[in-house]
Q: 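I'd like to ask you about the structure that follows.
Scope of the values below: all heavy atoms of this structure, side chains included, with no hydrogens, waters or symmetry mates. This one's a predicted model, so the numbers in the text were calculated from it and none came from an experiment. Sequence lines set the chain letters: A, B, ... in the order given, protein chains first and strands last, and positions in each chain run from 1.
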Protein chains: 2
Amino acid sequence: MSPILLNGIGTVNDHSEYIEPEVPFKNPQIHVKNPHLDTMEEDILYHFNLGTKTHNLPGMFGDIKFVCVGGSANRMKSFAQFIHQELALPGNMDAITDICEGTDRYSMYKVGPVLSISHGMGVPSISIMLHELIKLLHHARCIDFVLFRIGTSGGVGLAPGTVVVTDKAVDCFFRAQFEQVVLGKVITRSTELDVGVSKELLQCSSELEDVPTIIGNTMCTSDFYEGQGRLDGALCSFSTEDKLEYLRKAYNTGVRNIEMESTVFAAMCHACGIKAAVVCVTLLNRFDGDQISTPHDVLVEYQQRPQVLVAHFIKKRLGLIV
Amino acid sequence: MSPILLNGIGTVNDHSEYIEPEVPFKNPQIHVKNPHLDTMEEDILYHFNLGTKTHNLPGMFGDIKFVCVGGSANRMKSFAQFIHQELALPGNMDAITDICEGTDRYSMYKVGPVLSISHGMGVPSISIMLHELIKLLHHARCIDFVLFRIGTSGGVGLAPGTVVVTDKAVDCFFRAQFEQVVLGKVITRSTELDVGVSKELLQCSSELEDVPTIIGNTMCTSDFYEGQGRLDGALCSFSTEDKLEYLRKAYNTGVRNIEMESTVFAAMCHACGIKAAVVCVTLLNRFDGDQISTPHDVLVEYQQRPQVLVAHFIKKRLGLIV
């Protein structure tokens with residue numbers, strides 16, 4: 001196979017050495033890194049049930065300034081309704097409809113300049129959504145927007161309910177990188193996120209009550225049970241001490257929470273020059289256990305914290321709060 | 001960290017050498033490979049919104065003999081309604097309700113001895129579901145059941161609409177194995193599936209019209225675009241010729257379709273001694289293109305083929321067809 005040309009979206013050789021991809025500037029212009037797209041007569045965004053010939057994407061999405069993604073479809077619908085309320089937009093918030101209702105792969109809601117989309121669980125599920133979202137924003141000619149992942153996670157040495165704004169998204173070996181296999185070769189990409197947006201979010205948290213927030217590293221795993229050192233999966237071959245030792249190692253490298261999407265989210269946003277942040281609440285402290293046994297109403301309140309924080313950020317950016 | 005003890009669920013050392021895990025016998029007894037489970041007072045199956053203290057799992061699920069899983073929640077609901085019809089069960093098929101309705105992570109429907117569950121897209125999403133499903137079947141004391149994944153895929157050198165029953169589930173390097181990172185160490189597991197069930201499915205297809213079926217290898221990737229050599233993602237750094245060369249290599253190793261869940265599905269079923277098969281229809285021939293532009297009604301008919309095939313298998317096993 002001829003060597004892969006990379007156009008600044010990571011690098012590969014037979015030893016998969018890492019070279020920082022070059023992103024000359026971030027937003028306003030989004031950088032879709034695919035020369036083939038220009039040659040396509042039509043682009044069908046299959047998992048959104050949208051397309052460039054069937055939909056007027058600039059008309060539908062051209063005014064987007066904030067994109068918020070999260071795993072659960074129900075949560076992203078509630079977030080859209082919450083933002084509708086917070087921005088005091090006209091119309092009935094219960095009338096907000098799923099733009100992707102023709103498919104059940106993802107749900108998408110638009111409220112004013114805010115787009116709210118679900119991405120399911122895990123790196124592959126969010127990566128399909130991100131490929132199509134980035135193409136959607138490109139086709140819609142969106143400029144100068146911010147992309148947030150608002151999710152849930154397991155905490156590492158934190159009180160449950162703490163919101164973690166991700167400093168570095170790291171893999172299960174605590175490396176701030178994402179490995180993508182392309183045509184059978186491993187490409188390594190940077191998982192650098194936007195420091196300015198993270199600091200702005202931390203400032204926002206200081207202006208809110210009941211949204212305890214820190215900046216820390218987020219570990220992204222491909223498995224919820226064995227991959228995160230849980231003792232309660234169908235398969236478990238290690239001891240409680242092995243688990244705690246792994247969590248201590250993670251903590252000592254700066255990891256404060258564990259989820260399943262942050263590395264590919266950070267890598268794709270970095271490669272395309274998109275300002276992005278990961279904002280996840282911790283549902284439990286993994287040093288204290290594995291099972292999520294917190295009462296439902298408490299979990300619901302925890303899950304609202306990243307939404308409240310990002311809503312505050314959006315309102316400040318829109319000048320609705322001085 | 002002390003060495004990881006593996007109890008026949010794969011093996012690891014610092015070089016991650018592969019040793020076939022020992023599974024002394026398959027079904028009737030399911031082998032949950034986790035000594036910690038016996039010490040737990042309660043097991044909360046968080047992503048199903050079910051638990052051993054809150055639900056009578058043997059009463060709810062003890063009679064299950066066939067479990068069918070697929071990515072889309074809508075498709076798995078239609079499958080449950082289709083099976084209800086095919087087995088001529090009493091009651092209104094439209095009244096079938098989602099057992100997991102308290103959460104939107106997965107959907108689950110029970111019709112007689114058949115359980116139908118959605119698993120989302122990608123290895124991490126299906127692996128969370130499988131951990132909780134295997135524990136569910138264990139807690140429910142289910143014996144002598146068969147587990148099917150019925151899904152969609154991209155074809156490699158096949159006419160669209162062909163159903164592929166998986167011989168070997170292979171990774172993106174064409175290896176019949178699954179790598180799971182456990183506490184920062186790579187464990188390699190066998191992706192061996194049940195040959196008897198595959199042959200039985202092929203026999204069933206010969207008794208049906210309009211369900212063209214073959215047995216071939218299925219490649220499982222962690223990405224739908226770059227990972228499958230698509231030219232139409234937000235990121236693409238390779239040429240059409242690079243893509244075709246990779247697909248030709250895949251074809252020459254026996255790969256006939258590409259999807260995103262089969263390796264972990266096969267590995268977890270093998271480790272737990274569960275008889276399992278992967279049955280996916282191809283929506284397009286990847287040698288001819290990347291975009292799924294086939295008319296909606298044709299895609300719907302294609303997606304029914306694995307359902308029709310597995311329904312025929314179930315009816316034969318239940319003696320409803322001689």
Q: In Å, rounded to the nearest 0.5 Å, how long is the span from CD of Gln180(A) to OG1 of Thr221(B)?
A: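 The OG1 atom of Thr221(B) is 8.5 Å from CD of Gln180(A), to the nearest 0.5 Å.
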
Q: Is it the backbone or the side chain of Leu283(A) that comes under 4.5 Å from a heavy atom of chain B, or both, or neither?
A: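 Contact with chain B is through the side chain of Leu283(A) alone.
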
Q: Hey, could you give me the NE2/NZ distance between His36(B) and Lys243(A), rounded to the nearest 0.5 Å?
A: 9.5 Å

Q: With chain B as the partner, which of Asp223(A), Ile134(A), Leu133(A) has the greatest number of non-hydrogen pairs under 4.5 Å?
A: Asp223(A)

Q: Top residue by heavy-atom pair count (under 4.5 Å) with chain B, among Thr240(A), Leu247(A), Asp232(A)?
A: Asp232(A)

Q: Near Arg141(B) CZ, under 6.0 Å, is it more than 12 heavy atoms from other residues, nucleotides or ligands?
A: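 At most 12 heavy atoms, drawn from other residues, nucleotides or ligands, come within 6.0 Å of this atom.
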
Q: Can any side-chain N or O of His131(B) pair as donor or acceptor with the backbone N or O of Gly233(A) at less than 3.5 Å?
A: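 Side chain of His131(B) to backbone of Gly233(A): no pair is present.
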
Q: Looking only at heavy atoms, what is the nearest atom pair of Asp104(A) and Asn74(B), with distance?
A: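 Shortest heavy-atom separation between Asp104(A) and Asn74(B) comes out as OD2-N, 2.7 Å.
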
Q: Any chance you could measure Leu235(B), atom CG, to Arg189(A), atom CZ, to the nearest 0.5 Å?
A: 5.0 Å

Q: Tell me the closest heavy-atom pair linking Leu183(B) and Tyr246(A), and the distance in Å.
A: C-CE1, 3.5 Å

Q: Using every non-hydrogen atom in the two residues, find where Ser127(A) and Ser222(B) come nearest and quote the distance to one decimal.
A: OG-O, 4.2 Å

Q: Quick check on Glu42(A) against chain B: is it the side chain, the backbone, both or neither that has a heavy atom closer than 4.5 Å?
A: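 When you check distances to chain B, only backbone atoms of Glu42(A) fall under 4.5 Å.
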
Q: Heavy atoms, side chains only, cut-off 4.5 Å: are Ser125(B) and Pro124(A) in contact?
A: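 No; the side chains remain at least 4.5 Å from each other.
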
Q: Below 4.5 Å, heavy atoms only, C-beta onward: do Tyr46(A) and Leu299(B) meet side chain to side chain?
A: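 In contact.
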
Q: Pick whichever of Gly229(B), Ala73(B), Gly122(B), Gly51(B) has the most heavy-atom pairs under 4.5 Å with chain A.
A: Ala73(B)

Q: Tyr225(A), Phe173(A), Phe224(A): which one forms the most heavy-atom pairs within less than 4.5 Å of chain B?
A: Tyr225(A)

Q: Using non-hydrogen atoms only, which part of His47(A) is less than 4.5 Å away from chain B: side chain, backbone, both, or neither?
A: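 Only the side chain of His47(A) comes within 4.5 Å of chain B.
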
Q: Just how far is it from atom CG of Asp242(B) to atom NZ of Lys185(A), taken to the nearest 0.5 Å?
A: 9.5 Å

Q: Is the side chain of Gln291(A) donor-acceptor paired with the backbone N or O of Ile44(B) at a distance under 3.5 Å, no angle test?
A: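 Yes; at least one donor-acceptor contact below 3.5 Å.
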
Q: Which heavy-atom pair separates Cys236(B) from Pro35(A) by the least distance, and what is that distance?
A: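 Looks like O-CD, 3.6 Å.
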
Q: Should Arg230(A) and Glu132(B) count as an ion pair when the cut-off is N to O under 4.0 Å?
A: no

Q: Taking the side chain as C-beta and beyond, is there a heavy-atom pair between Ile128(B) and Met260(A) under 4.5 Å?
A: yes

Q: Working to the nearest 0.5 angstrom, can you tell me the gap between Ser237(A) OG and Ile187(B) CD1?
A: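 Reported to 0.5 Å precision, the distance equals 4.5 Å.
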
Q: Name the member of Val32(A), Leu37(A), Leu231(A) that forms the most heavy-atom pairs with chain B at distances under 4.5 Å.
A: Leu231(A)

Q: What's the separation between atom CE in Met121(B) and atom CZ in Arg105(A), rounded to the nearest 0.5 Å?
A: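 Answer for the CE-CZ pair, Met121(B) versus Arg105(A), is 5.0 Å.
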
